[in-house]
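Encoded as structure tokens, the structure appears first; notes follow it.
Position 1 is the first residue of the sequence, and the numbers go up from there.
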Amino acid sequence: RMNPESSSDDLDEARCKFFAGGPSIGLEVQLTLWAYKGTPNLDEVIFKRYRLIYKGTSAATPGSAIDSMFITQWTDPDVGIASNDLGGCDSTLSLGYVFNSTEPDPVYRNLGGANPALGYALLQGPLVAGNQNDRGIFEFELQQSKKNLAMTSFLLNPTGDALGEPSYNARSYWYWNVARGMRPFGNDNISAAPWRDPSQQPTRFMYAGDPISKTGWIDGLNKFWGDGYSVVPGERRIMLSTGPFTMTLGDTQEVVLAMIASAAPTAVE
């Protein structure tokens, strides 16, 4: 077992309501980071392990539970000059990524390196009940008849465009929709409408096309469905989510992600 490098909780009610508009639930989050040196294919990877412990607040009772819980990795990965980035996801790999639309990017050209792509991969999602043939992982050990959830939704947010994230005090509903794979629009940012790809098929994964083969829903080539405008290269934020699952009082869950830098694909044209 690895010792956490940092630990935090949400017991400051005023800060929780100011930041997200929601109350404290008594969740402790422990974070451990590690990397490997001189290991092939891992030199440009940083691993993140989150342990979530539901300790509850003073108002919690023995039957308290967090129902329909989601975990989201939010990141703002500026790749060189952030104003010309593009992004997307690979739902089969539980991977979200951002890359630069121009080659070479001035920042990396001046450093003498090629443009990288930056990604987050969900390696180990929350542990939930499975069937007798399933094998999950918890605390780096196999768990019989359990399984780890994969990425269940992905949002790519072109900052400054129609998806603009809400101000403080109004974030809970917006993030709840995003985590469920729903469009974060409507009254109070509540919506039951999923995203739709260019063929107008419902999907929980924005921009899950292939930028190499230029097939499917691709950032910079396809419009937001129903919004009537093309998305041009610019700053991107990504939200990789997994869920739902339930935590009862005293439960512990853990999530392991990889932050990856790698060679970027050719610019989308």
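When all heavy atoms of W195 and M182 are compared, the closest pair comes out as NE1-O, 3.8 Å. The two residues N131 and D134 make their nearest non-hydrogen contact at N-OD2, 2.8 Å. Considering every non-hydrogen atom in both T203 and P194, the closest pair reads O-CB, 4.1 Å.
Contact of the I218 side chain with the D210 side chain is not registered, since no non-hydrogen atoms from C-beta on lie closer than 4.5 Å. With contacts defined as side-chain heavy-atom distances shorter than 4.5 Å, the pair S262/Y97 does not qualify. S64 places a side-chain heavy atom less than 4.5 Å from the side chain of Y54.
Side-chain atoms of R204 come within 3.5 Å of backbone atoms of T152 as a donor-acceptor pair (strictly under, hydrogens ignored). A donor-acceptor contact shorter than 3.5 Å is absent between the side chain of T72 and the backbone of W74. Counting only distance, with no hydrogens or angles, the side chain of S153 and the backbone of V178 share a donor-acceptor pair below 3.5 Å. Between the side chain of D10 and the backbone N or O of G26, at least one donor-acceptor pair lies under 3.5 Å. A donor-acceptor pair under 3.5 Å links the side-chain atoms of Q124 to the main chain of I137, judged by distance alone. For D85 (side chain) and G234 (main-chain N/O), no donor-acceptor pair under 3.5 Å exists by modelled atom type. The main-chain N or O of L240 is never found under 3.5 Å from a side-chain atom of Q73 such that the two would form a donor-acceptor pair. For the pair N148 (side chain) and G125 (backbone), a donor-acceptor distance under 3.5 Å is present. Q144 contributes no side-chain N or O that, together with a main-chain N or O of Q132, makes up a donor-acceptor pair within less than 3.5 Å. T252 contributes no side-chain N or O that, together with a main-chain N or O of I53, makes up a donor-acceptor pair within less than 3.5 Å.
Proximity of the aromatic rings of F154 and Y207 is defined here by a centroid distance below 6.0 angstrom, and this criterion is not met.
The stretch residues 239-262 participates, sequence neighbours left out, in these salt bridge (Lys or Arg N to Asp or Glu O under 4.0 Å) pairs: R49-E254, R51-E254. For residues 66-77, every residue pair satisfying the salt bridge (Lys or Arg N to Asp or Glu O under 4.0 Å) rule, not counting sequence neighbours, is listed here: D76-R237.
At most 12 non-hydrogen atoms from other residues, nucleotides or ligands lie less than 6.0 angstrom from CD1 of I46.
Residues that satisfy the salt bridge (Lys or Arg N to Asp or Glu O under 4.0 Å) test with R135, not counting sequence neighbours, are absent from this structure.
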